[in-house]
Amino acid sequence: MAKKTKKPVRKSATKQSGNDAVVKSLTLVLADTYILALKTHGFHWNVEGPLFLQLHEFFGKQYDALTEKADEVAERLRALDVYAPASFAQFTRMSNLAEETKVPSAQGMVAQLLADYEILAEDIKLGIDIAGKADDADTQDLLTSQLHDADKTAWMLRAMLRG
Ligand SMILES: [Fe+2]
């Protein structure tokens, strides 16, 4: 008779030992941020036109900032003892933002990013509210800093469209 071996206990990817609502909102912000980072990176590569250099550099900086932000949100999830999703299949499913598979005009890129940052800001605000109700000051602080950056980037994109 084969010796029974004890199965190792594995954490489920959906394990939620922190406040579930906080985890849900952090996961949404992470998914939004990663989808936005991927889109911004694509725009950095593919932008064309007289403003190429400015937009190429601007999108490059924003891409770096977004991946840094995503890292902070994912590490907050880990601090809450929850695994962070790390695949585009999950991010696409969870995010309120849509991926871009075409190459819009330079102005179309700026307009699309502005709309996305506005959605991201709404999702962050919701997260701040939820973290406040859960007395989770660390998540509140993290998301407040993210909201500041999202609002600032939205302002810059809005200003470009008025030029
Ligand atoms: Fe680059």
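We use all heavy atoms of the structure for the numbers below, so side chains are in, but hydrogens, waters and symmetry mates are not. Owing to the predicted nature of the structure, the values given are computational and were not obtained by experimental measurement. Remember, it's 1-based here, ligands and their atoms both numbered in the order they're listed.
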Item to check | N-O pairing of Glu122 and Lys125 below 4.0 Å | outcome: yes
Item to check | 4.5 Å side-chain heavy-atom contact, Lys39 and Asp116 | outcome: yes
Item to check | Side-chain donor or acceptor of Gln146 paired with backbone N/O of Lys69 under 3.5 Å | outcome: yes
Checklist outcome for this item: Taken in chain and number order and not counting sequence neighbours, the residues that satisfy salt bridge (Lys or Arg N to Asp or Glu O under 4.0 Å) with Asp151 are none
Item to check | Point-to-point distance, once rounded to the nearest 0.5 Å, from CG of Asn19 to OG1 of Thr139 | outcome: 9.0 Å
Checklist entry - Is any protein N, O or S atom closer than 2.8 Å to the Fe ion (ligand 1), and if so, which? => result His44 NE2
Item to check | Centroid-centroid under 6.0 Å between Tyr63 and Phe43 rings | outcome: no
